[in-house]
Number of protein chains: 2
Amino acid sequence: MKLTSKGRYAVMALVDLARFDSINPVSLRDISLRQSISLDFLEQIFSKLKKNNIVKSIRGINGGYILNKDPNDIKLTNIFHAVDEKVKTVQCKKDSKKGCNGKATKCITHDLWDELEVHINTFFENKSLQDLVKNNRDSRV
Amino acid sequence: MKLTSKGRYAVMALVDLARFDSINPVSLRDISLRQSISLDFLEQIFSKLKKNNIVKSIRGINGGYILNKDPNDIKLTNIFHAVDEKVKTVQCKKDSKKGCNGKATKCITHDLWDELEVHINTFFENKSLQDLVKNNRDSRV
DNA sequence: ACCATACCTGACTAAAACGGTCAAGTTTAG
DNA sequence: CTAAACTTGACCGTTTTAGTCAGGTATGGT
């Protein structure tokens, strides 16, 4: 069980963005340099963040990205959802008539994985971008 | 972020085992049939469980596996550890002098991922095999 | 008007992880 | 002595990951 880089980078980039976007749009190039993330990869990520209305883009020279919402209203769960990072513990399809192992019934540990998913998602739902910015406000990165 | 089959199967197999091993050793073949898990794959998994003293093997005809501890003392965290299922959120090596991105400092979201790991591991530490068996005692699978 | 800057898009890919399979044993009960 | 069951390790096709590459398009400063 692990988190993918796409999800991690998305959060890192947004924390970076949140710290600077009140002044000017922030270019991906700057984020790339500050956070050591490939520029091309960032573009992929921000394309998705934009589609999900988490950021807005401003084109042209001196352009960049800015947040589209208050940092308090951007939860980790929104970010992960935007970049297709999902918590997946069970294999079985919810809409299918079949159970977890191709059997008619759900598997012996099905409820456990459901419970685990809820546990993790709760964490993501309760954590906002603002929380993360606050923790980094004083530490220079 | 997802759980691997190895971890899921290990838990499923042990729940199955815990329900039957008070009578006889349980053969992997039986578990394979009941839980629809490949026999070869189960052998890989039980080899690791045995190395970690979670199960004992009894060879020969009518042999099989039995639990090596009280189901109350087998936590999910023990099972996952045994089969190398780990919660991994940050890329950076703890012993390394380098930070998360090859920089000297730890990355801007480092504390977040640590917190998440703790959150998930807490869930695993508080859940025992006995808890899972209890939940399945009455439902026929 | 020009052109550098920055966003935008989609195709492509090397490497790793996943989810097993296959083969060749060894041990022990009956 | 032999069949059932455990044991070990090599192998392998597929999928996912973590990007790269190669082209765009839009815009604003000069």
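Below, chains carry the letters A, B, ... as their sequence lines are ordered, and counting in each starts from 1.
- Contact of the A:Thr109 side chain with the B:Gln35 side chain is not registered, since no non-hydrogen atoms from C-beta on lie closer than 4.5 Å.
- Regarding contacts with the backbone of C:dG30, a side-chain N or O of B:Asn62 is found under 4.0 angstrom from either OP1 or OP2.
- Between B:Ser5 and C:dC18 there is no side-chain polar atom (N or O) within less than 4.0 angstrom of OP1 or OP2.
- Here A:Leu42 contributes atom CG and A:Arg29 contributes atom CZ; the two are 12.5 Å apart, rounded to the nearest 0.5 Å.
- Taking a cutoff of 4.0 Å between a charged side-chain nitrogen and a carboxylate oxygen, B:Glu85 and B:Arg8 do not qualify as a salt bridge.
- If you measure from atom NZ of A:Lys56 to atom C1' of C:dC7, you get 16 Å, rounded to the nearest angstrom.
- Both B:Thr4 and B:Gly60 lie near DNA chain C, and the one whose nearest nucleotide falls closer to the 5' end is B:Thr4.
- A residue-by-residue look at A:Ile61 and A:Leu39 shows that A:Leu39 has its nearest nucleotide of DNA chain D further toward the 5' end.
- Closest to the side chain of A:Phe41, from the set D:dT17, D:dC6, D:dG19, is D:dG19.
- Of the side-chain N and O atoms in A:Ser38, none sit less than 4.0 angstrom from OP1 or OP2 of D:dA18.
- Taking 4.5 Å as the limit, every side-chain heavy atom of B:Leu28 sits out of range of all side-chain heavy atoms of B:Phe41.
- Taking atom CD of B:Glu85 as the reference point, atom C1' of C:dA17 lies 12 Å away to the nearest angstrom.
- Going from atom CD1 of B:Ile37 over to atom P of C:dG19 covers 13 Å, rounded to whole Å.
- For the pair A:Arg29 CZ and C:dA4 P, the interatomic distance rounds to 15 Å; values are reported in whole Å.
- Within the 4.0 Å cut-off from OP1 or OP2 of C:dG19, not a single side-chain nitrogen or oxygen of B:Tyr9 is found.
- Across the protein-nucleic acid pair, B:Asp21 atom CG and D:dC6 atom P stand 13 Å apart, rounded to whole Å.
- Side chain of A:Asp16 to main chain of A:Ile31: no donor-acceptor pair is present (N/O by atom type, distance under 3.5 Å, no hydrogens or angles).
- Atom pair A:Ile58:CD1 and C:dT5:P shows a separation of 19 Å (rounding to whole Å applied).
- Proximity of B:Val87 to A:Leu3: side-chain heavy atoms (C-beta onward) are nowhere separated by under 4.5 Å.
- Remark: P of C:dC7 and CG of A:Leu49 are 13 Å apart, rounded to the nearest angstrom.
- B:Val55 is not listed as a side-chain neighbour of B:Ile66, based on a closest heavy-atom distance of 4.5 Å or more.
- With sequence neighbours excluded, the residues satisfying ring-ring contact (aromatic ring centres under 6.0 Å, His included) with B:His119 are A:His119, A:Phe123.
- Around atom NZ of B:Lys86, no more than 12 heavy atoms belonging to other residues, nucleotides or ligands sit under 6.0 Å away.
- One can place CD1 of B:Ile66 at 12 Å from P of D:dC6, the figure rounded to the nearest angstrom.
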Which atoms of nucleotides 8-12 of chain C (N or O only) lie under 3.5 Å from a protein N or O atom, and what are those distances?
residue, atom, partner, partner atom, Å
C:dC8, OP1, A:Lys50, NZ, 2.5
C:dC8, OP1, A:Ser57, OG, 2.7
C:dC8, OP2, A:Tyr65, OH, 2.6
C:dC8, N4, A:Glu43, OE1, 3.2

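- Rounded to 10 degrees, the angle separating the terminal helix axes of the helix from C:dA1-D:dT30 to C:dG30-D:dC1, each built from five base pairs, is 10°.
- For the residue pair A:Lys50 / A:Ser57, a side-chain donor-acceptor distance below 3.5 Å is found, with atom types taken as modelled.
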